[in-house]
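When a residue number appears, it is its place in the shown sequence, counting from 1.
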Amino acid sequence: MAQTKFDKQVEESAESVAFGIGRFLCGRPMDGERKTDATFWRRGTRVLPKVEGKVSRSSYRAGWQRLTFRVSGLAATGGAGYWALWENQDSTFATARDIWENPDPALATLETGGIAVASAAAAGGVAYGLLTRKRREFMREWVTPLHEALAVPLGMSELTDPRRYLHVPRDFSDDDAQIRIDVPTHMRFNEDLVADLIVKKLALENVSFTWRRAGKDTHVIVKKRKAPPKKLSLSDPGVREILAKMPESAPLIGLGSGKKKVSVDLDADSPHVLISAGTGGGKSTILRCITCQFVHNGALAFVLDFKRISHTWARGVPGVTYCRDIGEIHDALVRLAQEGRRRLALAEDLADDVLEKEPWRVGPRIVILLEEVNATMAQLKRYWAKIRESGDPKTSPAVDALAEILFMGRQVRLHVLLVAQSATAQAVGGPAMRENFSTRILVRYTLNAWRMLVPEVSPIPMASEHPGRVQVVTRGRAQETQVLNLSNAEAREWAMSGVHAKNTTSLQKTPAPAAGLLTDARNASVTEFPPAPAADSAAGRDDLAPPTSPPATDSSDATVVVPPANPDPAPDPDEAVVGLREAYENHLTDIVASLKAMRWARQNDPDFPGPVDKRGAEFLYRVGDLKKWARNRPRAGTTDFG
């Protein structure tokens, strides 16, 4: 008798149920399609060839794990049902009857409960998203690109979940981090190609590869071979000797892999240095390390620190001028630009071969530390808007002065060490100004910051959270470096053990400081710049007259002039006590519009300084007090009397 259609359907259904029960008990996928290389006892690591569509996470589990989950879930469901129906059958049936007869309270309860469940689910989803944000970013930026590069060379399906065979820790750039990559057991791939792709995609340097080829557990371990030292301090063996031997123009920044010395030569590589780092990244540590070495070797340092406390080690150090007030920073930048123009004129008069062999002829090296440029530039602009008078340019002269210094060549020996949390073109003063920093030090950077500052260096190395670990980028190459960490006391001691404190000249012949760059022998701080010259009507701006070139000397009988051990200190002009007219004519002509404005302010401005002495009927004032008042006076106090 022929089998009917109904009998065939019954037979097929029974067969499907039997196969389903078998797959359930064997821990196999319920749809019967094997998508990964997982077995009953071993979890899967890759998707099988010719598999299409999305592969769920459960497909990677071993069969015994799936079976345990299924049996546990079935037992929990059955137990809960038994308890609800049989242990409380009377109340259950009564409750069901009540709900059937009066459903409104039950519906209200379900509505309230549904809102509570939805709110809890939403809050849980937001919390989960926040807690896993960094992990998702790490997968997107590093692990997934590595999987896309390795899938084809390893003979894997691109649908494979990279987390199943790529075991890359989030801190893989740390010294003791270890990367494990599970590879197919057939080993039919080019090991050199795979190793090269791993190095390139993860931006690794000086790493070793350990291959496990025997048995089923085939994998490769990647770890650093020659990492920079974990810490670097002055007390470490040999560090003090290394500092003493570093060239005058190339201070030590730190040590790289294999304890290789990392430095930047301001005469050969880059006249200026840009440091980009977030809060707590160690910007002040880097500047302290570089600057104290320059001061040790005879350079003059100007610390422009609007925060006032970033470099307490430098206060009172010979050769260091500490500018804390925004008015002092403004004046210092303007005068430094004037000094740069003076040096340019002097360099123009010197022969090229003389300037190359004796760069010290233009003057002592000057290092300018500009802290927190993002905040300082904004403060300089606001300060100029406050003191600017009718007819003055709209752009701050200090901002223009900084741009002028940055565009000066290395021959003038003026170097800017600029610090920024976000070194955007707007913060630095424009894209052209930022391009003057051919050496850039990046600390705890983001991918966007790297692409903005050093796009020519690829692949992008992973930012390290290790204290003192930076990337020094120069000549299109990044060097992972452990910065020399000098304490305030050590930096001060090193700076004061050099040329300025010993009051002797360096081995290299050093001329007397430029006119106006006077040094106070009591605290060896630069206290005055050359006075501003008269306006040049042809150029339309203040400029310095070219200085008289020093007389030529025969290098064969040149002698080093050693100043006396205790020279008479140069008088501080700000401490001078003068009358109002004398103060205006000799000190405040470029700041105050007229003597009439000062006399009006004396009668009407409550912030006008009081007299400190009297000469006959004339009141005498301290020049420094008048300068401070002039820089910070309200604009309305003088514009009516310009």
Side-chain angles (χ1 to χ4, degrees), residues 134 137-138 141-142 170-175 177 200 202-206 224 227-230 232 250-257 260-266 269-291 310 369-375 406 415-429 431 433-485:
K134 289 187 177 181
E137 291 179 354
F138 177 73
E141 296 291 345
W142 298 100
R170 280 172 51 185
D171 57 350
F172 69 86
S173 63
D174 288 354
D175 299 341
K200 288 181 178 178
L202 296 182
L204 302 174
E205 268 189 306
N206 295 317
K224 285 189 177 181
K230 292 186 177 181
L232 185 63
L252 180 73
I253 298 175
L255 298 182
S257 59
K260 179 182 178 182
K261 291 181 290 186
V262 179
S263 64
V264 52
D265 194 329
L266 299 187
D269 295 330
S270 168
H272 313 297
V273 178
L274 171 64
I275 301 171
S276 174
T279 302
K283 304 181 294 292
S284 298
T285 301
I286 301 171
L287 287 177
R288 183 165 64 234
C289 171
I290 296 175
T291 307
S310 298
L369 276 70
L370 184 54
E371 274 277 3
E372 299 295 351
V373 69
N374 302 80
L406 291 176
H415 311 286
V416 177
L417 308 180
L418 185 143
V419 178
Q421 288 192 13
S422 178
T424 61
Q426 181 180 4
V428 179
M433 289 177 64
R434 194 171 62 187
E435 290 304 312
N436 288 286
F437 297 94
S438 56
T439 295
R440 303 176 183 187
I441 302 176
L442 288 85
V443 191
R444 295 185 182 179
Y445 48 85
T446 62
L447 293 178
N448 289 335
W450 187 278
R451 294 188 182 110
M452 175 179 65
L453 295 176
V454 284
E456 71 277 7
V457 179
S458 182
I460 303 174
M462 179 73 173
S464 176
E465 295 293 328
H466 186 81
R469 192 60 55 86
V470 305
Q471 293 286 347
V472 180
V473 183
T474 182
R475 297 182 179 179
R477 181 174 177 268
Q479 298 183 77
E480 187 179 20
T481 305
Q482 183 67 31
V483 174
L484 174 60
N485 185 7

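- The minimum heavy-atom distance between A277 and K283, with the atom names listed, is CB-CG, 3.5 Å.
- With hydrogens and angles disregarded, no donor-acceptor distance shorter than 3.5 Å links the side chain of W450 to the backbone of P461.
- Between the CZ atom in R288 and the CG atom in N485 there is a gap of 6.5 Å [rounded to 0.5 Å].
- Rounding to the nearest 0.5 Å places CG of L266 at 7.0 Å from CG of L417.
- Between L232 and G254, the shortest heavy-atom contact is CD2-CA, 4.0 Å.
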If you apply the rule side chain to side chain contact (heavy atoms under 4.5 Å, CB included), what do you find for F172 with L204, and how did you get there? CA-CA 9 Å; F172 69 86; L204 302 174; 4.0 Å; yes
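- When the options I441, V454, T439 are evaluated for a side-chain contact (heavy atoms from CB on, under 4.5 Å) with T474, the one that passes is T439.
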Could you give me the CA-CA distance, side-chain angles and deciding distance for K224 and S257, then say whether side chain to side chain contact (heavy atoms under 4.5 Å, CB included) is met? CA-CA 10 Å; K224 285 189 177 181; S257 59; over 6 Å; no
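- Taken to the nearest 0.5 Å, the OG1 atom of T285 stands 10.0 Å off from the CG atom of L484.
- Inter-residue side-chain proximity for V264 and I253 is flagged as met; some heavy-atom pair is nearer than 4.5 Å.
- From L369, atom CG reaches atom OG1 of T291 across 3.5 Å, with rounding to the nearest 0.5 Å.
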Stepwise, does the side chain to side chain contact (heavy atoms under 4.5 Å, CB included) test hold for V273 with I286? CA-CA 11 Å; V273 178; I286 301 171; over 6 Å; no
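- For the pair R469/P228, a side-chain contact is recorded, criterion being any heavy-atom separation below 4.5 Å from C-beta on.
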Kindly indicate, with the supporting measurements, whether the criterion side chain to side chain contact (heavy atoms under 4.5 Å, CB included) is fulfilled by Q479 and Q471. CA-CA 5 Å; Q479 298 183 77; Q471 293 286 347; 5.6 Å; no
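- In this structure, I460 and A203 approach most closely via the heavy-atom pair O-CB, 3.3 Å.
- A distance of 4.5 Å separates CD in Q482 from NE2 in H466, rounded to the nearest 0.5 Å.
- Of all the heavy atoms in P229 and G256, the pair that sits closest is CD-O, 3.9 Å.
- Nearest approach of M462 to R170, heavy atoms of both residues: CE-O, 3.3 Å.
- Two residues are said to be in side-chain contact when any heavy atoms from C-beta on lie closer than 4.5 Å; H272 and L406 meet this criterion.
- Across all their heavy atoms, S263 and L252 have their closest contact at CB-CA, 4.2 Å.
- When the options I275, L287, L370 are evaluated for a side-chain contact (heavy atoms from CB on, under 4.5 Å) with L418, the one that passes is L370.
- Note that the CE atom of M452 and the OH atom of Y445 stand 14.0 Å from one another [nearest 0.5 Å].
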